[in-house]
Protein chains: 4
Amino acid sequence: MSSEVSRRSIGARPNPDAADAILDAAASLLQRKGLRGLTTDAIAREARASKTTLYRWWPNRGALLLALYVRRKGSSVHEDTGSLIQDVARTYERVFRTWQNEGQLFSLIIAEAQHDDGVAEALVAFRKERVDDWLPVLRRAEERSELVDGADLEALAESIVAHAWFYLITRRLGSDPAILAARVIGPWLRKNR
Amino acid sequence: MSSEVSRRSIGARPNPDAADAILDAAASLLQRKGLRGLTTDAIAREARASKTTLYRWWPNRGALLLALYVRRKGSSVHEDTGSLIQDVARTYERVFRTWQNEGQLFSLIIAEAQHDDGVAEALVAFRKERVDDWLPVLRRAEERSELVDGADLEALAESIVAHAWFYLITRRLGSDPAILAARVIGPWLRKNR
Amino acid sequence: MSSEVSRRSIGARPNPDAADAILDAAASLLQRKGLRGLTTDAIAREARASKTTLYRWWPNRGALLLALYVRRKGSSVHEDTGSLIQDVARTYERVFRTWQNEGQLFSLIIAEAQHDDGVAEALVAFRKERVDDWLPVLRRAEERSELVDGADLEALAESIVAHAWFYLITRRLGSDPAILAARVIGPWLRKNR
Amino acid sequence: MSSEVSRRSIGARPNPDAADAILDAAASLLQRKGLRGLTTDAIAREARASKTTLYRWWPNRGALLLALYVRRKGSSVHEDTGSLIQDVARTYERVFRTWQNEGQLFSLIIAEAQHDDGVAEALVAFRKERVDDWLPVLRRAEERSELVDGADLEALAESIVAHAWFYLITRRLGSDPAILAARVIGPWLRKNR
DNA sequence: TGCTAATCGAGACGGTACGTCGTGTCTTTTT
DNA sequence: AAAAAGACACGACGTACCGTCTCGATTAGCA
């Protein structure tokens, strides 16, 4: 927690500590109680904040969840092992491990996007980021001649991401990341290597 | 509606008419009022059923929504145009058109699955069905030598489904089905054809 | 239980065993679960009877409760110790002890009487019986010159019963029966004795 | 109604207007629809209050009914005619007249008290209040030497109340209040007056 | 002996109420 | 002016109970 005992007004301007405390509280609740515990009341209480403050920072629950997810996911740097299939496998492994804990949150955002256009737009943008993150890695693989000729790198990137999300949604985060990587990347790899 | 005026017990066993009437009512409400009108109270009232009956058939609202979705989507017979890429494109076209109206319902089910294990299981089973639906089509394509040697048909089937869901979630149902099909299937197709 | 394993039709006429079993079951449930467990569903299940049978014997829940109470209360013979105040005290003691277990049932009947005229009538008749039961005892006390001159025996009888019911309703069954008897009877007793 | 159009939060503390509005609504419903119309949903709707608010003020329906009864019965000031028997008679007359309309409500509370400890406690307290109300009146009668020597005033007060409740329960509100008063008070009165 | 009539257990059904929960808005009091 | 506090309206959810109904099996009495 960024502030322990109490947090008061800091005068006639918003107090960023409040927003932090709210996100911290939400994260803690998610860890301890799961999705069902992630209510606006509980978050505010946990943060020793008021719902007024919560709604001053985010227009609705979905926006808060998204902010929470973005803050928690951290950077999406992909490794460079020299082998695309290994890069993908390691990413799947890392992402699945993360999602074991908070994949629910991501699913919930998907749901929230149905009622809230703001969340929906943010989700669309988020997808694009994830896909774009892959492009440099894929270009290097292409330079190493790992890929079939004329491979559509964006399509491949999207496929990688789509499969990750698909496995999250269908609750198969326990799958072997290496096998999944092979299945997804396989057809894009040059045969005679 | 399967029965108009009244519907009574048919003895010491569930009356399928009741379940039908409830699904009919839910479908009608979805059409007329949208997702927000799909409350258990409203559905029961519309069906002239009691909530007891509704909850006898489905353990919670999510399960009912899934049943509704499954029933509405109809059979998933894939066409056989003699060209896999066209088969996939046509399916995407059909599915996206359906989802334009009730994709929300499906997204909602995904969300509901996060805090309801029953719905989650049903969703997992649903995925398997969708994937299995594709296998015969893919086998025929293989016999026609459309696919690269040693193609993992199940992986391909899963990829087809994963992309569809991914596009739904990221709100890109307006995308060109043919282009998407080409991107998904492309790398699995034999080159020298 | 009057019948152990199963109880079938005995032809084209009601089977009294069924009614017995239902009352037995109700009594057992009341003992074990209290008033809240005394639902028509639970009684039927406990009796291995069907609700159809239950409602064949009694038109509604109130009637069943009343039958149960009447059967359980047994005879209301009052003792004759030679002292009215002792007679009353012993009766209060016995009745309060009984009500410790099933006074709730009696209160429930009072409630049921509000919606059901049949139960109401039965309750009125029941009061009259209780009052009349006291008259012989009071007459003997009068002959022993225990009472003030010109005592209205019916009024006294009613007062005795009214106080018992009042203590039941206001949950004071733990009161000392002798003290209560003295308070109720006191003013009716001749002083110089 | 204490507030007509809208009623909002008045800060971080309960708004008594809400409770008032709820009781008003309940009273109105009782008048118009009778006991069966007195559902928590209907009361909340009529009061333009939320069920949350209703249950914030009273733990359950029974408690609300009791509050309603207490408020409606008004003050229990007993008249002082200079004659105890007349005071009692007039009170019986007034109470019986009131109960003609809402005795059901009181009976229902008695019933509710059987499976709700909160209501039970309230009912017990209510009895004590009613009994205590009588004590000043009885003391004045004693000072006027109306009562026999050494009369237990509390016992007498309780007897007065017990008989009233008894007559309510056994549906004899049509009885002559003067006769009843004479029967109840008679033995407590000094003879040679 | 085969037929008829009514009961029985079983449990689903319509209807209706209850009490809980979650969201987003509001107002007061304190800083 | 912003913060904590928490009450508020709205409205959904899932549970419980009552009294009615239909089924298939059962049994006694009549033909």
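Below, all heavy atoms of this structure are taken into account, side chains as well, without hydrogens, waters or symmetry copies. In what follows, every chain begins at residue 1, and chains take the letters A, B, ... in the order their sequences are listed.
- If you check distances only, the side chain of Thr53(B) never reaches the base of dG14(E) with a donor-acceptor pair under 3.5 Å.
- Taking the ring-ring contact (aromatic ring centres under 6.0 Å, His included) definition, one finds that Phe106(A) meets it with Tyr69(A), Trp99(A), Phe126(A), Trp165(A), sequence neighbours left out.
- For the pair Arg36(C) and Gly11(B), both in contact range of DNA chain F, the more 5′-proximal nearest nucleotide belongs to Arg36(C).
- Atom CZ of Arg56(A) and atom OG of Ser50(A) lie 7.0 Å apart (nearest 0.5 Å).
- Taking atom CZ of residue Arg45(C) and atom P of nucleotide dA16(F), one finds them 11 Å apart after rounding to whole Å.
- For Arg56(C), a side-chain nitrogen or oxygen approaches OP1 or OP2 of dC8(E) to under 4.0 Å.
- Backbone-only contact: Ala49(B) has heavy atoms under 4.0 Å from sugar-phosphate atoms and none from a base.
- If you check every strand for non-hydrogen atoms under 4.0 Å, Asn15(D) touches sugar and phosphate atoms only.
- As judged by a 4.0 angstrom heavy-atom cut-off over every strand, Trp57(B) is placed among residues touching the sugar-phosphate backbone only.
- Using a cut-off of 4.0 Å between Lys/Arg side-chain N and Asp/Glu carboxylate O, Asp24(C) and Arg71(C) are scored as salt-bridged.
- The side chain of Thr40(C) places no N or O atom within less than 4.0 Å of a non-bridging phosphate oxygen (OP1 or OP2) of dC17(F).
- Between Lys33(A) atom NZ and dC21(E) atom P there is a gap of 13 Å when expressed in whole angstrom units.
- More than 12 heavy atoms of other residues, nucleotides or ligands shown are found within 6.0 angstrom of CZ on Arg32(B).
- Listed by chain and residue number, nothing satisfies the side-chain hydrogen bond (donor to acceptor under 3.5 Å, both in side chains) test with Thr52(B) (two or more places apart in sequence, or in another chain).
- The 5' end of DNA chain E is approached more closely, in terms of each residue's nearest nucleotide, by Ile10(B) than by the other of Pro59(D) and Ile10(B).
- When heavy atoms are screened at a 4.0 angstrom cut-off, Ala44(A) is found touching no nucleic acid atom at all.
- Applying the 3.5 Å distance criterion, the base of dC23(F) shares no donor-acceptor pair with the side chain of Ser9(B).
- Leu54(C) places its CG atom 11 Å from the P atom of dT20(F), with the value rounded to the nearest Å.
- Each of Ala12(D) and Gly37(C) was matched to the nucleotide of DNA chain F holding its nearest heavy atom; the match closer to the 5' end belongs to Ala12(D).
- Here the C1' atom of nucleotide dA17(E) and the NZ atom of Lys51(B) are 10 Å apart, to the nearest Å.
- In this model, the phosphate group of dT27(F) is not approached by any side-chain N or O of Arg8(C) to a distance below 4.0 Å at OP1 or OP2.
- Glu46(B) has its CD atom 13 Å from the P atom of dG15(E), to the nearest Å.
- Remark: Arg48(C) is not in phosphate contact with dC8(E), judged by side-chain N or O atoms under 4.0 Å from OP1 or OP2.
- The residues Arg8(B) and Asp17(B) are annotated as not salt-bridged, no charged nitrogen and carboxylate oxygen being separated by less than 4.0 angstrom.
- Looking at Thr52(A), its side chain has no donor and acceptor atom pair within 3.5 Å of the base of dA4(F).
- When rounded to the nearest whole Å, the span between CD1 of Ile43(C) and P of dC18(F) equals 8 Å.
- What separates OH of Tyr55(B) from P of dG14(F) is a distance of 3 Å, to the nearest Å.
- Toward the 5′ end of DNA chain E lies the nearest nucleotide of Asp41(C), the other residue of the pair Ala42(A) and Asp41(C) mapping further downstream.
- Between Arg61(B) atom CZ and dG22(E) atom C1' there is a gap of 13 Å when expressed in whole angstrom units.
- For dA28(F), the OP1/OP2 oxygens have no side-chain nitrogen or oxygen of Arg13(C) closer than 4.0 Å.
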